> 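Take this structure, written in structure tokens, and hold onto it; I'll ask about it next.
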Amino acid sequence: MSDTFIQSLQITALGMGLVFAAIILLWGLMAAMTALFRERDVAPSPPVPSLEGRGDGNEGKARAAAIAVATAIAAQRQPSAHPLPEPPTAIVSAWQLGMRTRQMSQKGNLGHRHR
Amino acid sequence: MSDTFIQSLQITALGMGLVFAAIILLWGLMAAMTALFRERDVAPSPPVPSLEGRGDGNEGKARAAAIAVATAIAAQRQPSAHPLPEPPTAIVSAWQLGMRTRQMSQKGNLGHRHR
Amino acid sequence: MSDTFIQSLQITALGMGLVFAAIILLWGLMAAMTALFRERDVAPSPPVPSLEGRGDGNEGKARAAAIAVATAIAAQRQPSAHPLPEPPTAIVSAWQLGMRTRQMSQKGNLGHRHR
Amino acid sequence: MDLSGLLAGFADFTWANALMLVIGGALIYLAIAKEYEPVLLLPIGFGCILANLGMSAYDEESFLRVIYEAGIETELLPLLIFIGVGAMIDFRPLLAQPRMALLGAAGQFGIFGTLLLASALGFPLNEAASIGVIGAIDGPTAIFVTTKLAPHLLGPIAVAAYSYMSLIPIIQPPIMRLMTTRRERLIRMDYAPRPVSRLTVVAFPIVVTVIVSLIAPSAAPLIAALMLGNILREALVVERLSKAAQNEIINIATLFLGLSIGATMTAERFLYDPVTGIQWQTLMVLGLGLLAFVVDTVAGLLFGKLMAFATGGKVNPLIGACGISAFPMAGRLSAKMALEEDPDNFILMHAMGANTAGQLASVIAGGVLLAIVTGMV
Amino acid sequence: MDLSGLLAGFADFTWANALMLVIGGALIYLAIAKEYEPVLLLPIGFGCILANLGMSAYDEESFLRVIYEAGIETELLPLLIFIGVGAMIDFRPLLAQPRMALLGAAGQFGIFGTLLLASALGFPLNEAASIGVIGAIDGPTAIFVTTKLAPHLLGPIAVAAYSYMSLIPIIQPPIMRLMTTRRERLIRMDYAPRPVSRLTVVAFPIVVTVIVSLIAPSAAPLIAALMLGNILREALVVERLSKAAQNEIINIATLFLGLSIGATMTAERFLYDPVTGIQWQTLMVLGLGLLAFVVDTVAGLLFGKLMAFATGGKVNPLIGACGISAFPMAGRLSAKMALEEDPDNFILMHAMGANTAGQLASVIAGGVLLAIVTGMV
Amino acid sequence: MDLSGLLAGFADFTWANALMLVIGGALIYLAIAKEYEPVLLLPIGFGCILANLGMSAYDEESFLRVIYEAGIETELLPLLIFIGVGAMIDFRPLLAQPRMALLGAAGQFGIFGTLLLASALGFPLNEAASIGVIGAIDGPTAIFVTTKLAPHLLGPIAVAAYSYMSLIPIIQPPIMRLMTTRRERLIRMDYAPRPVSRLTVVAFPIVVTVIVSLIAPSAAPLIAALMLGNILREALVVERLSKAAQNEIINIATLFLGLSIGATMTAERFLYDPVTGIQWQTLMVLGLGLLAFVVDTVAGLLFGKLMAFATGGKVNPLIGACGISAFPMAGRLSAKMALEEDPDNFILMHAMGANTAGQLASVIAGGVLLAIVTGMV
Ligand code: NA
Ligand code: NA
Ligand code: NA
């Protein structure tokens, strides 16, 4: 057998070993995390569309609507964890405020558009 | 006459010659293509707005509406040329699916917004 | 006192002096400008959202609506200062026309969406 | 007067270049008519055409060379794409059923199986490894690894990776039917996922980045980019950055990546080298790449059957086929086959768990391979 | 303590710089008040102001120099703009009436006419050619060619190209009235276009790229970028890339292109060189540029009349005026004049065919010129 | 076989790196849970984590190094962000009441007060100045100046600048209550702004750019970028460019800026240098930065009281607190406090005038400081 091939065999053994090692480690960590970080609030799926179960335009539309709503809710839900009763916008920098605001108006429109 | 000027004369002769040569060649090729590639399906103008005959906002709006519809239609029309009866989304990679999907939802909204 | 500290003192004196000098100069210029450039037309706030007094989504929405209207108005208002009675789009380059047009359709949608 | 500038075009144009134009056209055809990964195959095809008209990544003063040097040699483009991909992936199905991770590992055997065969066929180690990484069935990973080990093979490897990915629905089903009994395909899996807290989904990308970077440093940039995108997505407070990652950044990066890859497909490297003659290696790469996909699937299914046996028939082996990554169509395909056998058998969430695990495992495997081979070569 | 850093501003500031600030301000005025190509003249004007405040493309450590080197010297910015332009052009009107292509060729005489005059006036060949290419009446082409032949003239040439383009509706009509009889302007053209199949519109950009790259390799990058954008548009399956080309890419490229061009307009290059004195060449460039527009129009109209004669009065000479490119306003202008003579005379589609042909011919002419001159200089 | 590539990860990983991971995680926590400048602290935190996993801005072949060199060393990223910021600022409130500008100047004392203390504490001049510029309370300015004077302090300074900015509503109110009498806070200000013509809002950015560039050339790039964005906004005819500045450009620049800053936060520079031991300077920078915010506020309020006295009680001293920049939350905060004392006392427009002036003054002060120190060092 060629020298290269023997090396390849070593690589395969070592490589798959490491891959499984890493994955099993991750498995443990995921189990630990889901166990440790208990449910106070279940994570809302983020406003950006996730990837599963999308078939056709209609489904897409449905989703979009769902997302719009989810976004709107999330917008309210977001815990303003500030000592002062300030609206979140007050403690962001100039342009971020701009961002936040436009996001809101977008959400507004979204919600509005699909209502 | 200056040496440069004489060169310029040569350039002009050669240059315009080549331009006409190239254009005439293109003419032939275009004629050939339109002749060869016969109409099975006439090309739908793409969803992105084309440039002619745009005057004012209203026209713009009208167009936008037209485009929305065109897009929606195109979305259905697109021939899923796959051996399996799979929805197109099934044979695209992760993030392209994301793209496709958002496009659809966009189209959805467009169509919706203007309907 | 350390040498660096003395330098810092010099910097402070010179620095704050220059800052005040520059600001006072700007003050004068602003006063002059507002005085000179008299009101023919009061500047319409641009379509892009400005930053003050934004609190929550609703306000955001309200703004968005306002902006939509403002934009639409601005679109008409824009003085076509051309010798020929050409629509503005006629004297812009290919792709800029594209831009302008899409802007219009966007404005269209905006206005539409919020009307 | 010297008109070489004018004649250059025809002078350098060979029959091989002409053939490459046809190949580029074919890629564009697959992209448009068959919708095989159009966002990548179209730019690759067009770039391939330009590469054979004097605008290759190897021509002085070619604008594609500028993009190639700035985006591929720096590895930036595949990483930017991964930021966008990460912002599009939802890891909840995996977090809800962590054991599905194992299937992701099993789906990587194709990488090493192909490496073995390639080296047996006489490919030097760096090339064999680059070919094997097609088995990661993940474009950016394949491009990232190949750029470091055997950049001259970028063209055929990227083409193989992306065009076969489009063929998953054609390649996998027969293998799945062949290797599983109807009884197995009918197995139902109860879905009682643990609820996933927000803290978990936000901490996950950080933890993965740290662990993988320590175990397989060569995979660090890839995993970091993927997880950066994912945390932008899950943070919820930086929607603008998340949207930028999923749109501007990934779109522009994809266009330039495709063009640059295509720009490496010159006739002499892809088809016919005046010195060494026909580039059979290109065909071999395409062939071996297909094999990699098959081996991945077989290994995944075998492991699925193993889990089915180990759990006393609580796991449907079909989900073994989605460990190969190729997210998300592999996952959807398995779920679809289960539905075909039994319209009430829903295993989509399990499939998606295994599928996202495959995405992670592919990056890890690519990094591990890169590290080991770099140490050997 | 050394405060040169503070005094630097005033120390280097000359009366010529002051005058350049006024010129920059004037460009901004034209952009905002007159809407002359605002997306370009505004950044150019602002860049011109910065160039005379120590931030020119020639100052060490100037951020505009960084952008200039990365975007102009690499030729990337004009090409990125062309990708966006291509994604906005619809070639159907031309494909439906291919003979219109001839008018596009005729519209390029201005390039060479101006070249002749410029060289007669004593400009060296590289400068004369760069000035002539203003006659391409296409910004990116002019910038692309000038960058390679005479980068020190980028400022005046870009300013001429873009500001005159905005003046088309003022420059052309008198010439059109002068050179055509009412009878000719009344000619109606029957519009029976051949239907254009999808295959044609998709194959067209590829064919054009191949042909032009072989005939005029120097034009290859320009035509390749333009056609890449067009195939992204016509493919229909890569809408995201098409949108990115028409938005993110072209917007950002335009802003930086304008700034970089403006950043070359330093007082000593544009207005007054302490050594060589006043830069009369700037005025001459502006003057010759205007001439180029006129010659283009005249030649186009003459060719239009020739076609009218050759076809026995089946062609309306007015459409000869849209061969100059300046897409799409030249096309719309011709159609408008025909309508003014006869409210029922619609020649818009013919005009647009000639106009898009002019766009192609301009790029080809620019490339041919570049190739020949590069061979001579 | 050499597997150093595999072991590298663990080999180089120290306890200090581990601690930095915690710090990075803490920044991400502040960003997500507390919403402290998330768009910046999240990328910074993630970049900090990567920096301690072998992907720092100082590691060869690190992709973050590529971004750092292309975006930070060239100063491009902070400037691109400023273009976007400028396109989001409305200067009408300031133009309507120009005298508010004075408060902007007063709000910069913190820069120099901190500089004095830092140099007293033994920091060399370049570091002391960089620490002082935290008092500009403006991220891009602080980063721009620090990059030129003391790039090794980028991490702590950027972190201080951005996290304290988020704490304005916690830092300022107590000081405001402490330093103003109820009587003063009750002062009402009549708002009779001069109408601002379109010509004014368009001319303003140009005038400011020219003046500032001449007085403080070192501030020229910053002010130029800010004003470029502003004129894009006010021109109304280049909406596309204005939108690009406020979206694509600023989003991408912010993501990369944050990552690059974080990528400088390696353990040995931020926490513990094996040679010189613990990096106390980091803590000192954070402490001095906090001081800078306080001094800014105090000086602003004192100047406000002075104006109240000079105008015979026609100015509410609270608006003195918004001269510090930190636009727009400082402005909104002052207005809010006035409202708390008296629900009918609206001083928002005055506050915004002072606040935008603070933004300008901060840039000017940063440039002046940079110029003087560069001349001395
Ligand atoms: Na895989
Ligand atoms: Na032309
Ligand atoms: Na400040």
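The structure displayed is predicted, hence computed values, not measured ones. Throughout, protein chains are lettered first and strands after them, A, B, ... in sequence-line order, and every chain is numbered starting at 1.
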> Working note: D/E234 + D/R198, criterion side chain to side chain contact (heavy atoms under 4.5 Å, CB included); need CA distance, chi angles, decisive distance, verdict.
CA-CA 8 Å; D/E234 301 292 354; D/R198 172 142 188 236; over 6 Å; no
> What is the distance from atom CD1 of D/I131 to atom OG of D/S119, rounded to the nearest 0.5 Å?
9.5 Å
> If we define contacts as heavy-atom pairs under 4.5 Å, which of D/A357, D/A106, D/A129 has the most with chain A?
D/A106
> Is chain A contacted by the side chain of D/L116, its backbone, both, or neither, given a heavy-atom distance below 4.5 Å?
both
> Rounded at 0.5 Å granularity, tell me how far CE in D/M284 sits from CG in D/L121.
4.5 Å
> Among D/V212, D/I364, D/L102, which residue has the highest count of heavy-atom pairs closer than 4.5 Å to chain A?
D/L102
> Could you have a look at D/L94, D/L115, D/L117 and say which one has the most heavy-atom pairs with chain A under 4.5 angstrom?
D/L115
> Ignoring hydrogens and geometry, is there a side-chain-to-backbone donor-acceptor pair from D/T141 to D/I137 under 3.5 Å?
no
> Can you say whether D/L369 sits under 4.5 Å from chain A via the side chain, the backbone, both, or neither, judging by heavy atoms?
side chain
> List for me each residue that meets ring-ring contact (aromatic ring centres under 6.0 Å, His included) alongside D/F123, sequence neighbours excluded, and say none if there are none.
none
> What part of D/A361 lies closer than 4.5 angstrom to a heavy atom of chain A: side chain, backbone, both or neither?
both
